[in-house]
Amino acid sequence: MAQQPSFHLDDDTSRYIKGTLIATVYHQTESLYTVARIRVKATNENYNEKEVMITGILPPLREDELYLFYGKFKDHPKYGKQYEVELFKKEMPQSKEAMIQYLSSDLFKGIGKKTAEHIVDVMGNDAITKLLEAPEYISQIPKLTEEQAKNLHGALLENRGLDQVMMAVQPYGLGPQLAMKIFQTYQDEAVTVIKNEPYRLIEDVPGIGFHRADEIAKGNGMQVNHPERIQAACLFLLRDQGTDLGHSYLPMEDLLEGVRKLLADGKDTVDEMSIFREVQDMETEKRLIIKEKVVYLPSLYFAERGFAQKMNTLLQNQKSDYDLPDEKLEDELSALEKRLNMNYAKSQREAIKKALTSSLMVLTGGPGTGKTTVIKGIVELYSEIHGISLNPEDYRGKKEPFPVLLVAPTGRAAKRMTESTGIPAHTIHRLLGWKGGGHFEKNEDEPIEGKLLIVDEMSMVDIWLAYSLSKALPEQIQIIFVGDEDQLPSVGPGQVLKDLLQTEHIPQTRLIDIYRQSEGSSIIRLAHEMKNGQVPEDLLIPQNDRRFFPCSGEHVFQAILQVCENAIKKGYTSRDIQVLAPMYKGPVGIDRLNVELQRLFNPEKQKQRQLQVANVFYRKGDKVLQLVNQPEDQVFNGDIGEIVAVIYARENTEKEDQIVISFDEIEVTYKRSEFHHFTHAFCCSIHKSQGSEYPIVVLPVVKSFYRMLKRNLLYTAITRSKEYLILCGEQEAFNWAVQRSDETERYSGLKLRLEETWLEKDNTNDTLLNETN
DNA sequence: CAACGTGC
């Protein structure tokens, strides 16, 4: 018999645990993040326990339901073995009560509690399963009116679940995975949503963009110029495409043109006037915000506005406490220099003094300008002048909270801060108490406690996070933002650091190059020229600290290997040399480089112990890159380590393959189930290298990277090198990257918001003054 | 095409 191709959840490719709820351990209503204890009824996992802890994004679970969880086991450092659910499915209600409740729910029109009870009495607890298998039984249920029978039949078919969803989306080329996601998202309402509100899929189901939803809508008979269609396209363009490029808004013209293109379908087009009208309607409904001829998603507008307002409030709170006499500061600074046995440069002294006397300050400078030194100085001098202890132990059990807060957007940057200051630093998310879905425990109602806050690596903070942080700030706090505006921008929308620096009334200090002698270093000079959009004439001429090997095509790959081989002969190791590349795939991609570089730096010895993951072999001596944060191990995303031991399953009590990696002094053991927490690091991505420095950087620069070649990416890469920089590739590609900075420009209104809210404050003050006069 | 953080 010819069978329709179908996706069976119970086939052996998907692992599952079927079970019932014992107790919900944790459930967050905003994000739906759930931890629950489950009684195992059946599983195809290698698991023999009666109970299991599951985690995942799930609706509130009920005790009377049977669930099918698809996922995999994870070893949580604190909570042990847990099943991480990727997809789940609700089995039909099992108990009599649940079945009655289900049948009398809104899903089955015309069937109330009485009728539902009757059906279950006649058909049993598995009434629905039975009726689905043999719908003809419906007519045999006594006391059911013809109308009720018809409704029941229709609803049963409609809500049959996954099969129905798959059938509904099949004509649109959506595979079983997406069908499953849709079903998971809407459960019983999935088919209804697909039929009536297909554009909701864009928002709710990752992997469905405007075009896919639009295909479905079209299949449902959606008119080309239907308001719903136009509105969905507007939101999609702003949310998905705009924020992907880092924009906080889109200019009206860009939006209209973009939406017109998105909606055009052969001869069927929608004119920009109609789109404009919809945009206006959406503004009336407060689903969009229009300011100065640009269009915002409300969340982004309020983030800009709220952050700007808070910054200005802090500025106006300039208290007399901060008004320290310059003489005292100078004296204390000199004493500090003596104590730390060092000398601050003039711009560093100014930075430290300004930081201590301002309620808000931005500190910026390129790599090697001593931002870290200044942070340390600020903290030390602050404690000195205010006579406060910097020993966290002194605050244990006391009412007074630790007054100095240090944070950074990434775990690794926080770790570096901890190391350089001796004071515990955290991620911004940790400080604010992340709750999922963009919500935090700390906010305007429950502000954080502290007197001085320093935020490092501010270039990586997007406008949403900046707003969340600003909301949680008490009014009496001194805050210092630190960062390098020429580095890679934040993943999320906005360019908060840049905008702060471009706003005149925001107190700021720029550090100039001090440490890596500018005159001696042609790397620094190169970086400077690049900043200004220039390529030095001597790019190809060997310098004392950099070289450019011109080559193209396959030669680039060979040149990189040759450079490394020569370095090895000179006695350098993989610790000294870091190869960087912008992307993983391709002929000069990270993946391919790592395979060959492993062969060079850590060749396989006879009978060497090694463990295989996919096509990669790990062995002792391999340089590896940590990919996730493991705060409990003091190891963070981006940390580089070295494999120091390979242990086979038969050699340990857990009977699981293990790899031990050493990060500086710390050694961390990974089980096979955690091997995806690291990867080879002979070559790593430029993005991952952000925040690290290496003695020697080797960098391929080729046209095949053209999509990624932008000025700030190249800048970030070359400024990672402390002593020597080796470029291999095409000069044309280098020039191209330096020229390309406009394309990375982001639409941001933060500078404007900072200025307008500043003026509004002035006005309020004037009014107050006038009134008191 | 690459990239951040996180809940018991």
Side-chain angles (χ1 to χ4, degrees), chain A residues 22-38 52-58 61 74 76-85 243-246 407-415 426-442 455-466 468-469 483 487-494 496 580-586 588-591 625-632 636-638 679 683-691 702 704-710 712-714 716-717 737 740 743-744 746:
Chain A
I22 299 171
T24 300
V25 177
Y26 183 81
H27 178 76
Q28 202 133 57
T29 33
E30 309 251 19
S31 66
L32 298 185
Y33 178 78
T34 305
V35 182
R37 222 163 92 217
I38 297 296
V52 66
M53 278 293 209
I54 61 146
T55 65
I57 308 298
L58 301 164
L61 301 178
K74 281 276 164 71
H76 193 284
K78 207 157 121 202
Y79 305 106
K81 202 164 185 171
Q82 299 186 322
Y83 201 63
E84 207 176 77
V85 178
T243 53
D244 237 25
L245 295 170
V407 292
T410 68
R412 199 160 48 106
K415 180 184 174 182
H426 301 280
T427 62
I428 299 174
H429 288 79
R430 283 242 157 157
L431 174 75
L432 299 180
W434 197 82
K435 288 204 303 180
H439 299 276
F440 295 93
E441 265 163 39
K442 300 289 179 184
V455 188
D456 200 2
E457 297 285 6
M458 191 60 191
S459 60
M460 299 164 95
V461 176
D462 66 38
I463 185 63
W464 283 314
L465 188 59
S468 299
L469 176 64
Q487 288 209 28
L488 297 168
S490 57
V491 175
V496 181
L580 298 176
M583 53 208 256
Y584 288 92
K585 306 281 168 236
V588 212
I590 297 160
D591 292 337
L625 175 77
Q626 175 75 15
L627 295 171
V628 294
N629 284 350
Q630 290 173 204
E632 61 288 340
F636 296 90
N637 186 355
T679 183
C683 176
C684 80
S685 74
I686 297 173
H687 280 86
K688 285 267 184 227
S689 77
Q690 175 143 265
V702 289
S704 64
F705 293 155
Y706 75 102
R707 295 170 143 281
M708 307 244 15
L709 285 176
K710 313 229 168 111
N712 48 9
L713 187 85
L714 199 57
T716 303
R740 285 216 305 170
E743 290 168 53
T744 51
R746 298 175 163 208

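The sequence lines fix the lettering, A, B, ..., with proteins before strands; numbering per chain opens at 1.
You'll find that the side chain of A/Tyr33 is closest to B/dG7, out of B/dC4, B/dG7, B/dG5. When each of B/dC4, B/dG7, B/dC8 is scored by its nearest atom to the side-chain atoms of A/Ile57, the top-ranked nucleotide is B/dG7. Comparing B/dC1, B/dG5, B/dC8 by their closest approach to the side chain of A/Gln82 singles out B/dC8. Among the nucleotides B/dC1, B/dA3, B/dC8, the one closest to any side-chain atom of A/Tyr79 is B/dC8. Of the candidates B/dC8, B/dA2, B/dC4, B/dC8 carries the atom nearest the A/Tyr26 side chain, counting heavy atoms from C-beta on. Comparing B/dC8, B/dC1, B/dG7 against the side chain of A/Arg430 picks out B/dG7 as the nearest. Side-chain atoms of A/Ser685 lie closest to B/dA2 of the nucleotides B/dG5, B/dC1, B/dA2. Distances from the side chain of A/Lys688 to the nucleotides B/dC4, B/dG5, B/dA2 place B/dC4 closest.
Rounded to whole Å, the distance from CG on A/Leu58 to P on B/dC8 is 16 Å. In this entry the distance linking OH of A/Tyr584 with P of B/dA2 reads 7 Å, nearest Å. One interatomic measurement links the two molecules: CD of A/Gln626 to C1' of B/dC4, which rounds to 15 Å at whole-angstrom precision. Atom CZ in A/Arg707 sits about 4 Å away from atom P in B/dC1, given to the nearest Å. Rounded to a whole Å, the CG atom of A/Leu469 is 16 Å from the P atom of B/dG5. When the C1' atom of B/dG7 is taken as reference, atom NE2 of A/His429 falls 12 Å away, rounded to whole Å. One can place CD1 of A/Ile463 at 16 Å from C1' of B/dC4, the figure rounded to the nearest angstrom. If you take NE2 of A/His687 and C1' of B/dA3, they are 5 Å apart, rounded to a whole angstrom.
Two residues are said to be in side-chain contact when any heavy atoms from C-beta on lie closer than 4.5 Å; A/Lys688 and A/Leu627 meet this criterion. At least one side-chain heavy atom of A/Ile54 sits under 4.5 Å from a side-chain heavy atom of A/Leu61. In this structure, A/His687 and A/Thr716 have side chains that are not in contact, with every pair of non-hydrogen atoms separated by 4.5 Å or more. At a threshold of 4.5 Å between non-hydrogen side-chain atoms, the residues A/Ile428 and A/Val455 count as touching.
Residue contacts for A/Asp462: at a heavy-atom cut-off of 4.0 Å it reaches no nucleic acid atom on any strand shown. Within the 4.0 angstrom heavy-atom criterion, only backbone atoms of the sugar-phosphate kind lie near A/Met583; the bases stay farther away. Within the nucleic acid shown, A/Gly492 has no heavy atom closer than 4.0 Å to any nucleic acid atom. Contacts of A/Phe705 with the nucleic acid, taken as non-hydrogen atoms under 4.0 Å apart, are absent.
Remark: A/Arg740 CZ to A/Met708 CE distance equals 9.5 Å, nearest 0.5 Å.
Smallest separation of non-hydrogen atoms from A/Arg430 and A/Pro631: NH2-CG, 3.7 Å.
Closest-nucleotide positions on DNA chain B for A/Ile590 and A/Met53 were compared, and the one nearer the 5' end corresponds to A/Ile590.
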